[in-house]
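Just the heavy atoms: all of them, side chains too, but no hydrogens, waters or symmetry mates, feed the values below. Throughout, residue positions are numbered sequentially from 1 according to the sequence presented.
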Amino acid sequence: MAPRVVAADTPGVRPGKLKVFLGAAPGVGKTYRMLDEGRRRARRGTDVVVAYAECHARPHTEEKLDGLEILPRTQREYRGGTFSELDLDGVLARRPEVALVDELAHSNIPGGRNAKRWQDVEELLAAGIDVVTTVNVQHLESLNDVVEKITGVPQRETVPDEVVRRAHQIELVDMPAEALRRRMAHGNIYKPEKVDAALAHYFRVGNLTALRELALLWVAGRVDETLQKYRSEHGIGTVWETRERVVVALTGGPEGETLIRRAERIADRSSGGDLLAVHVARSDGLADASPAALAKQRELVEKLGGSYHSVVGDHVPTALLDFARAENATQLVLGTSRRSWLSRLVAPRGIGEDTVELSGDIDVHMVTHERAGRGRRLPVPGRQLPHVRRIAGPLAGLILPLLLTTVLTNTRGTLNLTSEALLFLVTVIGVACLGGVVSALLASLTASLLLNYYFIPPSDQFTITEANNALALAVFVVVAVTVAALVDRSLRLARRAARATAEAETLSSMAGNILRGDQAVSILLERTRETFGMESAELVPRADQEAEAVDGTEGLVKVPAGPDRVLVLRGRSLPSSEHRVLTAFAAHLAAALDHARLTEAAAEVEPVKAADRMRTALLAAVSHDLRTPLAAGRAAVSSLRSTDVDFSAEERDELLATADESLAKLNRLVDNLLDMSRLRAGALTLRLQPTAFADVLPPALDSLSPASVPIESQGLAEICDVLADPPLLERVIANLVINAVRHSPEHQQVLISASSLGSRVELRVIDRGPGLRPEDRDRIFVPFQRLGDDDNTTGLGLGLALSRGLAEAMGGTLTPEDTPGGGLTMVLSLRAAASEAVVEVAEPGAG
């Protein structure tokens, strides 16, 4: 269930502020802290009310209620019981300044307008009421599956992380595992009779330690988000070393894995350190960058628990450092240069040297690797010539022709005019390669004047007497300018090709996120922000139908993302060359939004499809299974009514028994179908009450046909009552026994036994049949599945599916286990009716 935003009741009303006491584990004292916070505010003159507080009969917690106004709760009838709930309308009518609302993840009893208490809290906040509430870390939606793996207890009540993240304040309530267990042993959390079961199950030291770590990491992440927001709002670009964040720069070269592992070891030295890998898609990218290698390195980064990022930048050191500062990174890992000695001779400074010079307060690690110094191609120029070449080109256009003239005048007579002209042409071409067209024009002009003055007769004057010399000079100028133009054009084409490669890498990274399933809009927005080096990126509703592509505000960029949304980026003005890529990103975001809508629509249609499949299977199955008992019963009754045959008393009893057995089968079949339909429709009404297995078993067995195998029970009379609906429990036991009898060999008894386990009671139906393969343990609970049966005369295959559905509806479980020595044991686990610790142990939430 996604968080929703509730509009304020009155325009202009300031939304209330939410404060959350987040418990690392049940029993750490969240409710106590909440009430203490309420008393503190009340002493300051704040209008505070207790809207809902669950003290669990703990004296020290109940003492904190003294002096606080307690609002009445609303009473709701549900399944034969009466439950008290938060009176939302009463709190809204009272309109206090602060409302204390316990157990944020609580599921409301049906009858109110909200299914969850966090939705009630959102209405209070929208009405301008501040709320102080509590929640345990195991009830956060993102940690639900993790907690279940650690503790073995599923959490049925959850609250979306975003609801808690939006809180104005989050305060962690924590306690060491041993201290919490001592509190438990002293009776400060549960009653004495519940302590042993709790300590042996949920409250083990390992469980509590793991929950503490989850809570600390989650709160640390929330604090980090707040810090990043503060730094962004205040324009703080310097690094605050709150915790280690190690950024490793990847080029797609073979040294990538070495750098990643080195960076991971650096991050591991600091507990809680983060690993971030970044690849700069640039206009002068390395020629040997491999998309396949980048994909493999990305997989390694994510396997090590890090995150992979791709950014766009023409100047690699600046792009790397901008990313590192935006992520508040403390260390940057680079590989030593792979350039050959010749490349170093042409351009002594590399990316590493520039990065170190610009790094400021970020530590830069230069890591050696086996590919260091083995060469890479010279960099392709970017959008314009480097600053040094733009200065050196014109100077060379003036100086080199002068130097060549000096050399040739000192060796006058050794070369003819043709050779001298060719030497000047080579000089001009060299200048063209160095400085482009402008430098080539300057060099050709200088060289032609020097060639004319010093070497074309008559010497030492600017005159040309022979037509051949004039033609040679003209060709000289044309060749020089042509070569310079071709060099400049090749540079521009290379620049465009490199830019296209960078754009393709960036879009490939975005497409990779979608192919891997990273389709959440928030994830794509974060990728967009990182890629373009912006401060923020968000999707906002389109104000009108004709949104401009680029807003005129400095540092604000807007791009349409679908028919009703606009992608808004803040931070810097983007050059026009990046708008095309940004438009593609916006198209990806629009596709993600469409995918989310389609997924939601498909989820709405899925129950209809499931119901249709159920009806199809039902019609296919009942065509035979209903006809068989009907035909047998009808034949028996018709025979009894016949006047043509005079039946003996024994024959008449046999026909009556056949009719009775057929009608019993028919009745059981129809009951199963109706109950399965009610379960699927959510319309099954339960009346849970204390029920004894010993009272339910006899009528369950009486409803069965005479069995070919003996049935024996053990320990049912000594076991405590369970919380169940007696008629439905009878149906569950009957179906389990029928299944066991059906698969048991003749003269091999079916055993029914019961035992207590903490706050639950387990009933075991044990047979000595062929048993089950591990892969079939879920299939046997699929409706209309007759696993292992060769004929269709044994029923619809609803018995086990219905039994599991009824067990779960009563708050229990039904699981198969192997019988020692061969066979199958069906374990029905239900809550003990006499234990109030059922909810606290199965779904810990009390604080």
>> Let me confirm one number: the CZ-CZ distance from R261 to R265, rounded to the nearest 0.5 Å.
In response: 9.0 Å

>> Would you say that T258 contacts I260 through its side chain, given a criterion of any heavy-atom pair below 4.5 Å between the two side chains?
In response: no

>> Under the rule for side-chain contact (heavy atoms from CB on, under 4.5 Å), what residues qualify as partners of T427, not counting sequence neighbours?
In response: L400, P401, L404

>> Checking T318 now: which residues fulfil side-chain hydrogen bond (donor to acceptor under 3.5 Å, both in side chains) with it, not counting sequence neighbours?
In response: H315

> So, do I266 and Q331 sit near enough that their side-chain heavy atoms are less than 4.5 Å apart?
Replying inline: yes

>> Among residues at least two apart in sequence or on other chains, which ones pass side-chain contact (heavy atoms from CB on, under 4.5 Å) with A263?
In response: V246, V248, L275, V333

> Does any non-hydrogen side-chain atom of L334 lie less than 4.5 Å from one of V367?
Replying inline: no

>> As an exercise, state the distance from CD of Q297 to CG of L250, rounded to the nearest 0.5 Å.
In response: 5.0 Å

>> Looking at every heavy atom in both L259 and A249, which two are closest together, and how far apart are they?
In response: CD1-O, 3.7 Å

> Do you know which two heavy atoms are closest between L172 and A24, and how far apart they sit?
Replying inline: CD1-N, 4.4 Å

>> Check whether H309 reaches the backbone of V278 with its side chain - one donor and one acceptor, N or O, closer than 3.5 Å.
In response: no

> What distance separates L321 CG from L332 CG, expressed to the nearest 0.5 Å?
Replying inline: 6.0 Å

> Closest heavy-atom contact between A25 and L208?
Replying inline: CB-CD2, 3.9 Å

> Could you give all pairs that pass the salt bridge (charged side-chain N to carboxylate O under 4.0 Å, His left out) test and reach residues 423-440, with sequence neighbours left out?
Replying inline: none

> Do E255 and T251 come close enough that some side-chain heavy atom pair is under 4.5 Å?
Replying inline: yes

>> If the condition is salt bridge (charged side-chain N to carboxylate O under 4.0 Å, His left out), which residues does E213 pass it with, not counting sequence neighbours?
In response: none

>> Applying side-chain hydrogen bond (donor to acceptor under 3.5 Å, both in side chains), can you list everything that pairs with E299, at least two apart in sequence or on another chain?
In response: none

> Is V407 close to L403 at the side-chain level, that is, under 4.5 Å between some pair of heavy atoms?
Replying inline: no

> Which value, rounded to the nearest 0.5 Å, describes the distance between S307 atom OG and D274 atom CG?
Replying inline: 7.5 Å

> Looking only at heavy atoms, which two atoms of A167 and V20 are closest? And how far apart?
Replying inline: CB-CG2, 3.8 Å

> Quick one: salt bridge (charged side-chain N to carboxylate O under 4.0 Å, His left out) partners of R212, sequence neighbours excluded?
Replying inline: D174

>> Suppose we screen for side-chain hydrogen bond (donor to acceptor under 3.5 Å, both in side chains). Which residues come up paired with H168, at least two apart in sequence or across chains?
In response: none

> How far apart are the C-alpha atoms of I362 and R325, what are their side-chain angles, what is the distance that settles it, and do they pass the side-chain contact (heavy atoms from CB on, under 4.5 Å) test?
Replying inline: CA-CA 8 Å; I362 298 178; R325 292 191 178 98; 3.8 Å; yes

>> The criterion is side-chain hydrogen bond (donor to acceptor under 3.5 Å, both in side chains); which residues satisfy it with T158, sequence neighbours excluded?
In response: E141

>> Does any part of the side chain of F323, heavy atoms only, come nearer than 4.5 Å to the side chain of V280, both counted from C-beta?
In response: no

>> How long is the straight-line distance from CG of L402 back to CG of L398, given to the nearest 0.5 Å?
In response: 7.0 Å

> What do the steps show when you test V559 against V566 for side-chain contact (heavy atoms from CB on, under 4.5 Å), and what is the final call?
Replying inline: CA-CA 6 Å; V559 177; V566 175; 6.0 Å; no

> Can you find a heavy atom in the side chain of L276 that is under 4.5 Å from one in the side chain of R245?
Replying inline: yes

> Who passes side-chain contact (heavy atoms from CB on, under 4.5 Å) against E178, sequence neighbours left out?
Replying inline: R181, R182, V205

>> For V159, give me all partners under side-chain contact (heavy atoms from CB on, under 4.5 Å), at least two apart in sequence or on another chain.
In response: L104, A105, W118, V135, L140, V163, V164

> Which pair of heavy atoms, one from G393 and one from V431, lies closest together, and at what distance?
Replying inline: O-CG1, 3.7 Å

> Quick one: CG on N136 to CG on L143, what's the gap to the nearest 0.5 Å?
Replying inline: 11.5 Å

> For E264, what residues pass the salt bridge (charged side-chain N to carboxylate O under 4.0 Å, His left out) criterion, not counting sequence neighbours?
Replying inline: none

> Looking only at heavy atoms, which two atoms of A277 and V301 are closest? And how far apart?
Replying inline: CB-CG2, 3.6 Å

> What do the steps show when you test L320 against V247 for side-chain contact (heavy atoms from CB on, under 4.5 Å), and what is the final call?
Replying inline: CA-CA 9 Å; L320 285 175; V247 173; 5.5 Å; no

